[in-house]
Amino acid sequence: MTENHAQTAPQVPANRCASVGTPTPRPTYLPFGQPDFGDEEIAAVTRVLRSGWVGMGPETMRFEEELATACGAAHVVTVNSCTSALFLSLLVHGVSSGDEVIVPSLTWISTANAARHLDATPVFCDIDPVTLCVTPDAVRACLTPRTKAVVVVHLGGLAVDVEAIRQVVPSHIAIIEDAAHACGSRFADGTPVGGSGNLSCFSFYANKNLSTGDGGAVALSNAAHADRLRSLRQHALPNDAWKRFIDARVIGGNPVAELGYKMNYTDLQSAIGRVQLRRQVEFARRRLAVARIYAAAIEALPCPVSIQEGVTGDAHARHLFLIQLPLEWIGCSRNDVLGDLRRRNIGASIHYHPVHCMPLYAGVRPA
C-alpha cells in the first residue's frame, strides 16, 4: 500500500475515516501473508529427515533442475536468501568499490544493501506511479560513467520490460533482476521471469508465492557464472559436501582460491520447494480469484483508489496487491486507514518505504 500524493480530487469534508464509525472486527485475524503448507510438504520433509542427509545434496539438485525448467532458464543456483542471491549476482558481475548500482527507490532495502555490502554506491531511480516499477527513461537518467549494474525489481509480481531497459543501457553494464516477488510472473511475450538470461534473483521467504521458510535462488543462462555462484555459496570450495560424499574420485582436501561465503541451501528446504513448485498453478488460480474480488470491490468505492497495473491479468504473479489511496479525497492519513483495518482484524501493511528516505541512506537522494 502506498500513498498517492499526485492525484487531484474535489473538495470533501474533513476526515472521512471518522465517519466510518466503530469497526466490526473479523472473528479471526486475517494475516498479511502466511505459507500454504499441507500434507505433501510435511511428507517431503519427513522423507528427507529419514534419508539421513538434510544438508545441500540430491534434493537441492532436483529442486534446482525443476525450477530451471519452470523458469525456462539454463541454470538455477539456490542460496540461503534472495539478499544473498543479489549480493552474489553483483559480485560475479565484478561490482566493487567505486562502482554505482542503479536501484529503484521503492523496494525492499536488500536491493540497495547488496550493493553497499560490496562497497558500491546505490543510485536511486524513480518509479512509474502506475506500474510502481522503473522505466527505461528513468534508468537512462541515472546512468553515469561509474554505473556497473542496474537492478530491476519486479515489484509486487509485475514483470518489468527488461528488454526495453536493455535498449537504453550500454552492453557493458549488467542488468540483474530482483524477482523476489515474481515467481510465476511472465513477460509480455509469455517468457517466465527467470528466463531472460539475466541473473534473476528469487526469494522463498515465509510469505512468498513459493515458500520454503526462507531461501533464494539465481536463475541464469551463463554457465561460467553459475559455476562460480555454486562455489561462492559454500566458502568457494571446488567441491561441495555432497560431491565429496558420493564421488569416489573426489579425494583429499579442498584448496580455496578466493574468499567465499556460507550461503548454501539445504535439502530440507528443497523438499518443501519441490512440492510448492508443483502447486504453483493452484496458488496462481486462487490469487487471481482473490485479486479480482478486491478489484471489483475497489471499483465500486465512491473514491478513486488506484491499483497496480496488471494485477488482475494472467502475467502478474500477485505476490502483493498494491493500492494507492487518494488521501485528499478521504481526508485522513494512510496510517489511519491501516489502523482501522487492523482494528477489524485485517493484517494490511506498509512494507515498502522509499529506501532513500531511510536513515541509512539519508545523504543519498534519488537521481
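These numbers were taken from a predicted model, which means no experiment stands behind them.
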Asks: Assess whether side chain to side chain contact (heavy atoms under 4.5 Å, CB included) is satisfied between Val355 and Val103, documenting all intermediate values.
Replies: CA-CA 10 Å; Val355 181; Val103 302; over 6 Å; no
Asks: Are Cys183 and Lys208 close enough, and set up right, to give a side chain to side chain contact (heavy atoms under 4.5 Å, CB included), and what steps lead you there?
Replies: CA-CA 8 Å; Cys183 184; Lys208 295 300 191 292; over 6 Å; no
Asks: Would you confirm whether Gln276, through its side chain, and Glu41, through its main-chain N or O, come within 3.5 Å as a donor-acceptor pair?
Replies: no
Asks: Would you say the side-chain atoms of Thr69 pair up with the backbone N or O of Glu65, donor to acceptor, closer than 3.5 Å?
Replies: yes
Asks: Do the side chain of Ser51 and the main chain of Val48 share a donor and acceptor less than 3.5 angstrom apart?
Replies: yes
Asks: Side chain of Gln269, backbone of Asp214: donor and acceptor closer than 3.5 Å?
Replies: yes
Asks: Once rounded to the nearest 0.5 Å, what's the spacing between atom OH of Tyr29 and atom CZ of Arg344?
Replies: 15.0 Å
Asks: So how far is it from His75 NE2 to Asn222 CG, rounded to the nearest 0.5 Å?
Replies: 7.5 Å
Asks: Any donor-acceptor pair under 3.5 Å linking the side-chain atoms of Thr131 with those of Glu309?
Replies: no
Asks: Which value, rounded to the nearest 0.5 Å, describes the distance between Cys133 atom SG and Asp161 atom CG?
Replies: 11.0 Å
Asks: What distance separates Tyr361 OH from Arg116 CZ, expressed to the nearest 0.5 Å?
Replies: 5.0 Å
Asks: May I ask you to check whether over 12 heavy atoms, not counting those of Glu299, lie within 6.0 Å of atom CD?
Replies: no
Asks: For Ser203 and Ala180, indicate whether the former's side chain and the latter's backbone hold a donor-acceptor pair under 3.5 Å.
Replies: no
Asks: How long is the gap from CD on Gln280 to CD on Glu282, to the nearest 0.5 Å?
Replies: 9.5 Å
Asks: Using modelled atom types only, decide if a donor and an acceptor are shared between the side chain of Arg334 and the backbone of Leu327 within a distance under 3.5 Å.
Replies: no
Asks: Measuring only between side-chain heavy atoms, which start at C-beta, is Asn345 closer than 4.5 Å to Thr28?
Replies: no
Asks: More than 12 non-hydrogen atoms from neighbouring residues, nucleotides or ligands closer than 6.0 Å to CG on Asp189, yes or no?
Replies: yes
Asks: How about Arg286: does its CZ atom have over 12 heavy atoms from other parts shown lying under 6.0 Å from it?
Replies: no
Asks: Does Glu177 offer a backbone N or O that forms a donor-acceptor pair with the side chain of Asn198 under 3.5 Å?
Replies: no
Asks: Donor-acceptor check, side chain of His154 to backbone of Val160, threshold 3.5 angstrom: yes or no?
Replies: yes
Asks: Do Tyr261 and His117 make the cut of ring centroids closer than 6.0 angstrom?
Replies: no
Asks: To the closest 0.5 Å, what do you measure between NZ (Lys148) and CG (Leu118)?
Replies: 10.5 Å
Asks: Identify which one of Thr78, Thr212, Asn80 satisfies the side chain to side chain donor-acceptor pair (under 3.5 Å) criterion when paired with Tyr265.
Replies: Thr212
Asks: Does any N or O in the side chain of Ser81 come within less than 3.5 Å of the main-chain N or O of Gly215, such that one atom is a donor and the other an acceptor?
Replies: no
Asks: Would you please test Ser349 and Arg342 for side chain to side chain contact (heavy atoms under 4.5 Å, CB included) and show each step?
Replies: CA-CA 9 Å; Ser349 175; Arg342 290 183 175 179; 4.3 Å; yes
Asks: Is the number of heavy atoms from other residues, nucleotides or ligands within 6.0 Å of CZ (Arg26) greater than 12?
Replies: yes
Asks: Tell me whether the rings of His225 and His93 are parallel (<30°), tilted (30 to 60°) or perpendicular (>60°).
Replies: perpendicular
Asks: Tell me whether Asp128 contacts the main-chain N or O of Thr135 through its side chain, where contact means a donor paired with an acceptor under 3.5 Å.
Replies: no
